[in-house]
There are 2 protein chains.
Amino acid sequence: MRMAEAPKGAAERLAYLLPFIASGPARFGLGDLAERAGLPQSSVHRLLKVMLRFGLVERGTGQSYRPGRELQRMASQIVSRFDLVRSARPMLQQLVDSWQETAVLCTYSPVSRKAIIADVVHTPHPLRYAVERDGEITLPWGSLGRAVLAYLPRGEQEAIIRQSNAGPLTGRPRSKRAELDAALESIRAEGVSRYYDPQIDIAGIAGPIFGPEGEILGCVGVTMPSRRYQLHLADDLASAVGKVARDLTELASMQGA
Amino acid sequence: MRMAEAPKGAAERLAYLLPFIASGPARFGLGDLAERAGLPQSSVHRLLKVMLRFGLVERGTGQSYRPGRELQRMASQIVSRFDLVRSARPMLQQLVDSWQETAVLCTYSPVSRKAIIADVVHTPHPLRYAVERDGEITLPWGSLGRAVLAYLPRGEQEAIIRQSNAGPLTGRPRSKRAELDAALESIRAEGVSRYYDPQIDIAGIAGPIFGPEGEILGCVGVTMPSRRYQLHLADDLASAVGKVARDLTELASMQGA
DNA sequence: GAGAGAATTCCGCAATCTGGAAATGTGCTT
DNA sequence: AAGCACATTTCCAGATTGCGGAATTCTCTC
C-alpha cells in the first residue's frame, strides 16, 4: 500500500519480504506476493527460491507457496523464551474484571514506527470502541501510542512526529509540538500515560513495557468513552495499569526477551 | 560446527544467518556471530546493517547486538495463528498423568533434516532419559524420529538415510535398509510408530502430526526404559498417543498453521 | 591514560543480481 | 480430450552490488 518503496539488493529484499510472508495468508501465489510487495515477479521468484532452500517458505498443493516450517520453528523458538502476549493475557483479563473497561496490549514495531495491537480483552459494556487485534496505532495520539512514544530515543521521536504530521489528516488539527512535548514529559514523570479527550469522546490510561536493555517493547492500557472515564477513580486505575506494566517489564527482563 | 558450508550471495547469507540469531543468545557480538556462522566479519557486518534497518536485529548496550523487536513481532504473529507447542502442552500433561511416562513433542526442521524437541513433560519415575528441549533427534532411530521419517516424501527420506549413514557412529551398526523400510511401512499402516530395543533399554510410541496441506509438522510420543514398556498395555498406549496426534493434526488444519 | 580487542570502513575486482520477455507449466472450461 | 487463459519459471546481457583482507576507528578494561 505504501509507495516509493523498493529496496535494492538481494539481502534487503529478502528482509523486506519476510513480514509479507509472516503476516500474509497461509497460501499465496508468486504473483500475489510480488504485487503486495511491489516487486517484479522474476525478482520475487529468485528470492523465493532462496527461501525455499532455507525452509522459510515451502510449496503448497498445486501452484502455491506457504510459510515454511523452518519459519514456524524459529518463531516458536523465539516466542518460547518470552511470550509477551501470553504473559500479558491473564493480566489483561484481570484489568477487565476489576475495571470493566477494555484492556489492550500493544507491541512497538520499529520498522513501521507504529504500535500494533497484540491482544485485547473487551469490556462487557455494550458501548465500546472497535479495537481489534493487529490494528495499527499511530504513536502521537491516544494513551497507548504516547506511552510508547514517550520512551523512544529522541531521534526516533522526531521522525515519527514529522511523519505523522505529513501523513493523512485524522480529523482533527495536529496538536502543537510544544503541547505534545509537555505531554510526553509528564508521562515520563508519572510513568503512566493518561489521555482524555471529550471532543472525540475517548479516554485511556496506559503504561510502558520495557525489554532487558531498557528498550521499549510496547504498552498495556485501558481505553473507554470519556464519559465513563469520569466515573472511575482515575488514580487508582492508573496505578493498577502501572503495576501491570511494571510486572511485564520485570518478566521481560528475567526471561530472555 | 558444520563445515564446508558457506552460502554465496547476500540473500542466501541473510537467510542463513536468521536461525543463528533466532536461536542464539539475547546479546551477541559481531565476532561471535561471524564465527558461529563461519563467515568473514566484514560480510556479516554488512548483512547486520541490513537487518538493523529492517528491525531484525537491534543494537544493545555497549558494543553488542540483540534480536530485534521486528523479529519478535513477526514471531508472535506467526505463532498467534497456531501454536503447536501451546496446543500440545495439556495433551502431553494428560499423557503423563495417565501413563506415568515421559511425553515428548517434536517439530520437524526441514533444513537440518532433524526433529527438534519442542516440549517435554517428564515422567515422575526417577529412572528416565535425559530428554531436553531443543535437543535434536536423528530421524532413522527411535519412535519419535521414525514417526516423522515415515511420512516424509521419498526423496527427502533417501537423503536423510544416506546422510545419517555417513554421519558419526552412534554406537550400534546402522540397521539394514530393508529392515528400516519395513518398519516405516508398518508405521504408515498402523498410523503409530512403535520402537522397542531392549539392547539399549529404550522404547517408545509416537504418532505423526500433519499440517493443513498434509505436510508433516512433527510428532508426539512417549518414551521409557524398555523394561517398563513391557508392563504397559502397549495397544492402549498406542491408541492414546495416536489420538493425541490426530487431535493435534486436526487443530493444525482448522487454525491457519 | 595506555593497551587489547572489538567493530567499522575502505577499495578494487568480479560474481551475483536485475527485470523484461519468452518459454513452460498448470488448472479450468468447453 | 483438447484448448485456453493465467501463473510460474527460465533466459540473458549489462552493471550494480557483494565480496573479504587489511587498515582504521572505536570502546571497554586495567
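Protein chains get the first letters and strands the later ones, always in sequence-line order, with residue 1 at the start of each. Worth saying up front: this structure is predicted, and the values here are computed from it rather than measured.
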Regarding Ser109(B) and Glu70(A), do their side chains bring together a donor and an acceptor under 3.5 Å, going by distance alone?
yes
So, are Asp247(B) and Lys243(B) salt-bridged, with charged N and O less than 4.0 Å apart?
yes
Whether Lys49(A) contacts dT8(D) is assessed here as follows: a side-chain N or O lying under 4.0 Å from the phosphate OP1 or OP2. Is that the case?
no
Main-chain N/O of Ile216(B) paired to Arg69(A) side chain as donor or acceptor, under 3.5 Å:
yes
Starting at CZ of Arg59(A) and ending at P of dG25(C), how long is that distance when rounded to a whole Å?
14 Å
Distances under 3.5 Å only, N/O to N/O: pair up the protein atoms with those of nucleotides 14-22 of chain C.
residue, atom, partner, partner atom, Å
dT18(C), OP1, Ala10(A), N, 3.3
dT18(C), OP2, Arg46(A), NH1, 2.5
dG19(C), OP1, Arg13(A), NH2, 3.4
dG19(C), OP2, Arg13(A), NH1, 2.7
dG19(C), OP2, Ser43(A), OG, 2.6
dG19(C), N7, Ser42(A), OG, 3.1
dG19(C), N7, Arg46(A), NH2, 3.0
dG20(C), O6, Ser42(A), OG, 3.3

Would you please confirm or rule out a distance under 4.0 Å between OP1 or OP2 of dA6(C) and any side-chain N or O of Tyr65(B)?
no
Whole-Å distance, Leu30(B) CG to dT9(C) P, equals 11 Å
Mind calculating the distance between CG (Leu52(B)) and P (dT8(C)) to the nearest angstrom?
9 Å
May I ask you to verify if any side-chain N or O of His45(A) is less than 4.0 angstrom from the OP1 or OP2 atom of dT8(D)?
no
Scan side-chain atoms only and decide if Ser80(B) and Arg133(A) contain a donor-acceptor pair under the 3.5 Å cut-off.
yes
Nearest 0.5 Å, please: how far is OH in Tyr108(A) from CG in Leu149(A)?
8.5 Å
Can you tell me how far C1' of dT9(C) sits from CD of Gln63(B), to the nearest Å?
16 Å
Could you tell me how far apart Gln41(A) (CD) and dA23(C) (C1') are, to the nearest whole angstrom?
14 Å
With a 3.5 Å cut-off and no angle check, do the side chains of Thr61(B) and Arg27(B) form a donor-acceptor pair?
yes
With axes from five pairs an end, tell me the bend angle of the helix from dG1(C)-dC30(D) to dT30(C)-dA1(D), nearest 10°.
60°
Ionic contact status for Arg177(A) with Asp181(A), cut-off 4.0 Å:
yes
Grab the CZ-P distance between Arg27(A) and dA7(D) for me, whole Å please.
14 Å
Rounded to the nearest 0.5 Å, the CZ atom of Arg13(B) sits from the CZ atom of Arg46(B) at a distance of 8.0 Å
Send over the distance from Phe28(A) CZ to dA7(D) P, rounded to a whole Å.
16 Å
Does Val104(B) reach the side chain of Val220(B), with side-chain heavy atoms less than 4.5 Å apart?
no
